[in-house]
Amino acid sequence: MEKKDIDWSNLGFGYHKTDKRYVSNYVNGAWDNGALTDDDTITMSECAGVLQYAQTCFEGLKAYTTEDGRIVTFRPDLNAARMYDSAKRLEMPAFPKERFVEAVEQVVKANAAYVPPYGSGATLYIRPYMFGISPVIGVKPAEDYQFRMFTTPVGPYFKGGAKPITIKVSDFDRAAPNGTGHIKAGLNYAMSLHAIVTAHQEGFDENMYLDPKTRTKVEETGGANFLFVTKDGKVVTPKSGSILPSITRRSLVYVAKEYLGLEAEEREVYFDEVKDFAECGLCGTAAVISPVGKIVDHGKEICFPSGMEEMGEITKKLYETLTGIQMGRIEAPEGWVHEIKL
Ligand code: PLP
Ligand code: COI
């Protein structure tokens, strides 16, 4: 298979249309068989549930080319499970988990020419999503739904790749106590748009959201969980019922303990503690691990000892081990790497 003529090393995190996408419709109370299509457009009622009341959720995962030339995805079963939970919370019919993984296989295989080559620094981002498509005017769930999955080749989420970023403590909340912060609902991201535009206008790369109830504890950013390293080399990551359970973060906690022999704990993290950490990073599918050099809280700066030039030492070890597993350089735990047979 010949790869597309794309300048892989200079890709940003953007949408680039690929050849095929997967579509399945939920009509009369059942999912149809689903199929790949060339059509990248969607036609729906002006009154569709997604348009009126934002009934939609999504996922994000990546396909990688390994050192020995295979195409693999990373823990797609966990994305299937999280999307199942998101759908349930939004009163949508969940898409069956095994069919989710089959759709990943189909869509990556059909777009294999867009999976960036090993060593290019780029990957194929896979975006599954579903939404209420039938008309809804009283506030209630739609009757019919569409599940889709497209792919797009991407580079680093933050410009500059591994260079540390600067974030601000947001005055806005991303989630509500007992709300939807723990699922991947489109509405959470709509909520964050004003905050991210404001942060960018002020010269910051991202926001740190605090817990919406007390505003004393660290939650997450708009698109990634936090990971901190203490001065004595322990990995700490915030625990909260209103953050997205990041698959990258869960994997990194395992990597820290089982591959690097570090202590790692998931616990509540008070903002007051942050100034005492040695390293800070953002972790997620898109972010991978993006180092944070500085956090600004209403003019007060917290500068991590790791600085603004390089990833912290432990953050770097975590990054190398995780990407090593994903690209087939390091042996993966059972079930983490899902090969796409061409
Ligand atoms: N937190 C938010 C709000 C996200 O959008 C994402 C991205 O999916 C993550 C965390 C990271 O999750 P994952 O590692 O599963 O991609
Ligand atoms: C992902 O990491 O897959 C996400 O969905 C985050 C998003 C902000 C791009």
Side-chain angles (χ1 to χ4, degrees), residues 11-16 56-64 73-86 89 100 104 122-130 149-159 165 167 170 172-176 179-193 195-197 199-200 205-212 218-227 237-256 266 269 280-290 292 318-319 322-323 325-326 336 338:
L11 283 173
F13 195 87
Y15 174 69
H16 182 116
T56 178
C57 61
F58 68 101
E59 270 303 322
L61 67 160
K62 284 173 170 173
Y64 310 82
T73 54
F74 185 69
R75 311 187 79 179
D77 52 318
L78 298 190
N79 295 96
R82 193 169 62 189
M83 192 150 181
Y84 196 97
D85 296 341
S86 296
R89 177 64 176 78
F100 179 105
V104 170
T123 51
L124 187 73
Y125 186 70
I126 306 161
R127 172 52 63 90
Y129 59 115
M130 59 184 281
M149 195 181 287
F150 68 77
T151 62
T152 176
V154 294
Y157 190 66
F158 294 104
K159 278 193 235 82
I165 58 168
I167 64 177
S170 183
F172 302 104
D173 294 324
R174 164 186 184 275
T180 54
H182 61 300
I183 59 161
K184 219 161 157 55
L187 62 94
N188 296 338
Y189 299 80
M191 291 263 291
S192 75
L193 295 177
I196 192 68
V197 169
H200 287 163
D205 298 295
E206 249 295 359
N207 283 298
M208 168 185 271
Y209 293 103
L210 300 179
D211 76 288
V218 177
E219 293 252 294
E220 60 176 332
T221 67
N225 282 180
F226 277 103
L227 204 109
T237 178
K239 184 184 177 116
S240 158
S242 46
I243 66 175
L244 194 77
S246 160
I247 294 162
T248 314
R249 184 249 300 162
R250 285 181 269 163
S251 304
L252 285 168
V253 165
Y254 184 89
V255 163
E266 192 191 337
V269 175
C280 173
L282 306 184
C283 60
T285 298
V288 193
I289 309 182
S290 301
V292 175
L318 287 165
Y319 176 89
L322 179 72
T323 53
I325 290 170
Q326 290 167 334
W336 279 24
H338 186 90

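In each ligand, atom 1 is the first atom listed, and ligand 1 is the first ligand listed.
In this structure, a donor-acceptor pair under 3.5 Å is present between the side chains of Tyr125 and Arg127.
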Anything under 3.5 Å between an N or O on ligand 1 and a protein N or O? List each pair with its distance, or write none.
from, atom 1, to, atom 2, distance (Å)
ligand 1, 1 (N), Glu220, OE1, 2.6
ligand 1, 5 (O), Lys184, NZ, 3.0
ligand 1, 5 (O), Tyr189, OH, 2.5
ligand 1, 8 (O), Lys184, NZ, 2.8
ligand 1, 12 (O), Ser246, OG, 3.4
ligand 1, 14 (O), Ser246, OG, 2.6
ligand 1, 14 (O), Ile247, N, 3.2
ligand 1, 14 (O), Thr248, N, 2.9
ligand 1, 14 (O), Thr248, OG1, 2.5
ligand 1, 15 (O), Arg82, NH1, 2.8
ligand 1, 15 (O), Arg82, NH2, 3.1
ligand 1, 15 (O), Ile247, N, 2.8
ligand 1, 16 (O), Thr285, N, 2.9
ligand 1, 16 (O), Thr285, OG1, 2.5

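For Arg249 and Glu266, the salt-bridge test passes: some basic side-chain N is under 4.0 Å from an acidic carboxylate O.
With sequence neighbours excluded, the residues that form a salt bridge (charged side-chain N to carboxylate O under 4.0 Å, His left out) with Asp173 are Arg215.
A donor-acceptor pair is defined here as one N or O able to donate and one able to accept, closer than 3.5 Å; such a pair exists between the side chain of Thr248 and the backbone of Thr285. Under a 3.5 Å cut-off, the side chain of Glu220 and the backbone N or O of Leu244 do form a donor-acceptor pair.
Between Ala286 and ligand 2, at least one N/O pair is under 3.5 Å apart.
Taking CZ of Phe100 as the start and CG of Asn79 as the end, the distance is 5.0 Å to the nearest 0.5 Å. Taking CZ of Phe158 as the start and CG of Leu282 as the end, the distance is 5.5 Å to the nearest 0.5 Å.
Ligand 2 lies within reach of Arg127, whose nearest heavy atom is under 4.0 Å from it.
Shown in contact with Phe58 at under 4.0 Å from a heavy atom are these atoms of ligand 2, numbered in order with element: 5 (O).
Leu124 and Pro153 get closest at one heavy-atom pair: CD1-N, 3.6 Å.
By the neighbour-count criterion of 12 heavy atoms within 6.0 Å, atom CZ of Phe13 is densely surrounded, having more than that number from other residues, nucleotides or ligands.
Annotation: atom 5 (O) of ligand 2 to nearest protein heavy atom, Lys184 NZ, 2.7 Å. Nearest non-hydrogen protein atom to atom 8 (C) of ligand 2 is Tyr157 OH, 3.5 Å. Here the protein heavy atom with the shortest distance to atom 6 (C) of ligand 2 is Gly223 O, 3.7 Å. The protein heavy atom nearest to atom 1 (C) of ligand 2 is Tyr125 OH, 3.3 Å.
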